[in-house]
Protein chains: 2
Amino acid sequence: MVTLADVARHAGVSASTVSYVLSGKRSISAPTRERIQHSIDALGYRPHAGARALASSRTDVLALMMPLRTGLYVPVLMEIAMAVTTTARSHGYDVLLLTGEEGPEAVRRVEGSAIADAMIVMDVGLDDPRLPHLRAAERPAVLIGLPTETAEAADTEGLDCVDLDFEAAGARCVEHLAGLGHTAIAVLGEPPAVYERGTGFAARTLTGFRAAASSHGVGLLHRPVDGTYAAVAAAVTRVFEERPGTTGIVVQNEAAVEPLLALLRHQGRAVPEDVSVVAICPDQVATHASVPLTAVSVPAQEMGRLAVERIVRRLEGERSGGTELIAPRLTPRASTGPAPAPAPSSSPSAATEDRRGHGGH
Amino acid sequence: MVTLADVARHAGVSASTVSYVLSGKRSISAPTRERIQHSIDALGYRPHAGARALASSRTDVLALMMPLRTGLYVPVLMEIAMAVTTTARSHGYDVLLLTGEEGPEAVRRVEGSAIADAMIVMDVGLDDPRLPHLRAAERPAVLIGLPTETAEAADTEGLDCVDLDFEAAGARCVEHLAGLGHTAIAVLGEPPAVYERGTGFAARTLTGFRAAASSHGVGLLHRPVDGTYAAVAAAVTRVFEERPGTTGIVVQNEAAVEPLLALLRHQGRAVPEDVSVVAICPDQVATHASVPLTAVSVPAQEMGRLAVERIVRRLEGERSGGTELIAPRLTPRASTGPAPAPAPSSSPSAATEDRRGHGGH
DNA sequence: TTGAAAGCGCTAACAG
DNA sequence: CTGTTAGCGCTTTCAA
């Protein structure tokens with residue numbers, strides 16, 4: 001193995017000089033620098049990561065905690081992971097992948113063993129058991145997600161968070177439909193398991209849906225669904241029985257998109273003439289669906305990139321930056337249109353919540 | 001930070017004794033061991049990964065090279081990655097995730113910087129530029145995939161490989177259909193890009209398709225397709241124009257599965273009465289398809305697990321284990337049945353290759 | 001069964 | 001602008 005000492009000898013300088021050429025932490029005369037650089041190339045020298053970590057207390061590694069739990073849409077996670085590794089590399093960092101359910105234990109492991117300089121934490125839950133450990137930890141952490149139901153109630157003290165503003169995203173979807181005259185809307189949400197474990201983004205989106213429905217006087221039904229045709233069919237069928245006047249559907253569940261469109265087709269409901277559909281999903285899914293979908297895009301890449309940039313800044317000494325929410329962007333496509341002529345009478349009175357009807361349909 | 005020296009002091013022993021308790025590399029009297037263990041717990045000691053790596057030349061990290069290139073089905077990759085991290089943890093290893101197109105450079109980086117003890121390499125191409133570097137490297141590597149078109153022609157000297165036997169898998173699909181009396185078969189393959197860059201598994205499957213078609217006297221058309229409805233429709237339509245007698249379709253492209261089934265439905269071709277469909281895909285996809293698919297399953301988890309177990313054995317001193325192919329398992333489901341009554345005359349003469357017909361249809 | 005001590009390869013004062 | 005030197009925390013001979 002080629003060591004720094006080898007390079008120093010080869011170049012006829014001291015070890016520290018070589019080290020400083022590598023780190024750039026003090027100025028070296030052009031001639032020596034070139035000579036050293038030449039020796040480095042000639043010998044094919046690479047600094048030993050462990051030695052460097054020991055001496056400098058920096059590993060140049062970021063830990064990515066990505067528990068892959070049921071109900072999550074894998075391609076989005078993967079896209080985030082890719083963006084994280086790519087961005088990290090461009091800043092000189094490698095990425096250690098932590099999946100699995102180690103939870104708090106993994107946090108302690110990273111911290112205690114100095115395995116990574118910082119952590120990026122995904123799939124954040126409302127009462128995430130990792131958070132106390134993250135706050136207590138020396139190393140900085142950034143969450144992709146928020147551990148709260150609303151952006152305001154952010155119990156985010158000492159934690160950096162990056163995420164899509166799902167609350168605004170949910171509201172935006174409802175607003176879009178309300179603006180087109182729809183007054184009865186159904187939401188096909190993430191699988192039940194996702195809500196049950198209190199996943200932050202799902203909870204926040206729901207908050208947004210409800211707030212917008214309330215303020216626009218729109219009726220709203222919310223149905224978690226697994227991403228199977230059967231589950232979607234059951235949910236949608238029930239929705240139309242319970243609220244025959246439903247003309248707008250918001251779907252926040254990538255796996256449910258095609259089943260939904262197939263079902264509507266099957267039921268003879270035209271999109272968007274009979275039913276308008278808005279999705280919250282990656283652009284890729286929205287544009288490739290069998291009907292191009294009006295959608296708020298989930299900017300997976302941007303989330304990964306922002307998280308890394310945030311953490312890198314913190315590692316460079318910057319103070320905690322609090323919460324950074326990406327503003328939702330809704331792109332109108334072929335799946336939404338004006339509400340069809342309404343049934344004879346109707347007098348939408350006030351806000352409406354799940355399973356609590358409001359008069360008029 | 002709690003160091004080994006702290007523990008030693010706390011327990012009233014020397015540093016080396018603590019180290020040996022941790023590594024178990026020499027016998028320690030029960031009393032001292034317990035005392036030390038108690039100190040470790042009391043102080044919350046964790047060995048410093050960098051220091052350990054420096055002193056022992058072992059990092060307890062495995063590098064996973066997973067370039068995410070276009071045309072690959074992400075959930076399968078993710079499943080492999082998960083299996084890798086999980087299995088690795090159960091053996092005491094962490095996983096460093098390398099995506100991106102660094103290729104050979106990444107291999108050198110891992111090797112030179114002693115960043116990981118071994119590498120697991122995915123998305124192996126026929127003439128993969130990383131291979132020479134892997135052979136030259138000190139650290140062991142295992143490929144998930146084969147860099148060859150056939151299992152025999154394995155230019156696998158000094159490389160460990162783990163994979164599904166895609167060649168046998170391809171053959172198995174054709175045999176299954178041939179056994180049901182189908183004599184004209186079409187293959188919907190991976191996206192063109194996958195073949196163009198010489199991805200090993202796609203090439204090997206094709207080899208298997210062709211060999212089986214040849215030996216069973218079955219006509220075979222092969223069409224790479226992107227996973228879009230339009231691409232599938234174009235390919236299938238052309239197939240039925242070129243070989244109207246086609247009654248069997250093999251699909252090796254997860255994204256094309258639903259578009260294919262939708263198209264057949266749309267064309268009024270019943271599955272399996274008019275057309276039998278066999279897939280090569282994860283069980284998950286086969287069972288959740290709108291028609292449960294007869295399929296050779298892609299055992300993503302098993303591949304990841306085997307790769308790690310293989311590499312762990314090598315790190316423990318075992319010699320290179322060569323190539324290990326998982327035997328394909330075809331599960332009959334609802335998508336295949338006997339070939340429909342054939343057109344009046346036919347005299348299948350001999351083997352048939354892509355785009356070269358054989359008489360009788 | 002335990003200790004003492006010499007590094008592993010690098011960084012970062014401290015000196016010049 | 002460059003060299004000297006003292007560790008970083010752990011493993012592992014060599015001794016006892």
Side-chain angles (χ1 to χ4, degrees), chain A residues 1-37 39-40 43-61 92 109-117 138 315, chain B residues 1-37 39-40 43-61 92 109-117 138 315:
Chain A
M1 183 190 197
V2 185
T3 72
L4 184 146
D6 296 333
V7 175
R9 206 172 308 122
H10 183 108
V13 297
S14 76
S16 63
T17 305
V18 178
S19 176
Y20 283 119
V21 166
L22 259 45
S23 69
K25 288 190 179 173
R26 78 183 185 191
S27 47
I28 309 283
S29 72
T32 34
R33 187 180 37 252
E34 279 159 26
R35 197 149 35 85
I36 291 172
Q37 190 56 56
S39 298
I40 288 175
L43 301 181
Y45 167 73
R46 308 248 176 192
H48 186 288
R52 189 201 282 264
L54 178 57
S56 67
S57 311
R58 301 192 60 245
T59 60
D60 291 350
V61 169
R109 215 160 55 77
V110 168
E111 174 79 4
S113 293
I115 260 175
D117 297 335
E138 288 292 306
L315 287 172
Chain B
M1 182 191 201
V2 186
T3 73
L4 184 147
D6 296 332
V7 176
R9 207 171 308 122
H10 182 109
V13 296
S14 75
S16 61
T17 304
V18 177
S19 176
Y20 283 118
V21 165
L22 258 47
S23 68
K25 287 190 179 173
R26 82 182 184 192
S27 46
I28 309 283
S29 72
T32 35
R33 187 181 34 255
E34 278 160 25
R35 196 149 36 87
I36 291 172
Q37 188 56 56
S39 299
I40 288 176
L43 301 181
Y45 166 72
R46 308 247 176 192
H48 186 288
R52 189 200 281 261
L54 178 57
S56 67
S57 311
R58 299 192 61 243
T59 60
D60 290 351
V61 169
R109 215 160 55 77
V110 169
E111 174 80 5
S113 295
I115 263 175
D117 297 334
E138 289 291 307
L315 287 172

Nearest heavy-atom neighbours spanning L22(B) and P47(B): CD2-CG, 4.4 Å
Search all heavy atoms of T59(A) against all heavy atoms of A114(A) and return the closest pair with its distance. CG2-O, 3.3 Å
Validation row: Y20(A), I28(A) side chains within 4.5 angstrom (heavy atoms): yes
Quantify the bending of the helix from dT1(C)-dA16(D) to dG16(C)-dC1(D) as the angle between its end axes, each fitted on five pairs, to 10°. 30°
Is S16(A) close to R26(A) at the side-chain level, that is, under 4.5 Å between some pair of heavy atoms? yes
Side chains of M1(B) and H48(B) in contact at under 4.5 Å (non-hydrogen atoms): yes
Could you tell me which non-hydrogen atom of Y45(B) sits nearest to which non-hydrogen atom of L4(B), and how far apart they are? CE1-N, 3.3 Å
Sub-4.5 Å side-chain heavy-atom contact between I36(B) and R33(B): no
Hey, does the side chain of E138(A) reach the backbone of E111(A) with a donor-acceptor pair shorter than 3.5 angstrom? no
DNA chain D: 5'-most and 3'-most nucleotides touching chain A, 4.0 angstrom heavy-atom criterion: dC1(D) to dG9(D)
Quick one: does S19(B)'s side chain have a donor or acceptor within less than 3.5 Å of a partner on A15(B)'s backbone? no
Do the side chains of R35(B) and T32(B) get nearer than 4.5 Å, heavy atoms only? yes
Heavy atoms only: give me the nearest A53(B)-G50(A) pair and the separation to one decimal. CB-CA, 4.3 Å
Taking any heavy-atom pair under 4.0 Å as a contact, classify S57(B): base, sugar-phosphate, or nothing. nothing
Considering heavy-atom distances to DNA chain D, does G12(A) or S56(B) have its closest nucleotide positioned more toward the 5' end? G12(A)
Going by side-chain hydrogen bond (donor to acceptor under 3.5 Å, both in side chains), name the residues that satisfy it together with S113(A), two or more places apart in sequence or in a different chain. none
Exercise: identify the closest heavy-atom pair between H10(B) and S39(B): CD2-OG, 2.8 Å
Hey, does V13(B) have a side-chain heavy atom less than 4.5 Å from the side chain of V21(B)? no
Residues of residues 22-29 of chain A with any non-hydrogen atom less than 4.0 angstrom from an atom of DNA chain D: list those, numerically ordered, please. R26(A), S27(A), I28(A), S29(A)
I'd like the 5' and 3' limits of the part of DNA chain C contacted by chain B, with heavy-atom contacts below 4.0 Å. dT1(C) to dG9(C)
Once you round to the nearest 0.5 Å, how far does CZ of R9(B) lie from OG1 of T3(B)? 6.5 Å
Selection: residues 13-21 of chain B, any non-hydrogen atom under 4.0 Å of DNA chain C: V13(B), S14(B), S16(B), T17(B)
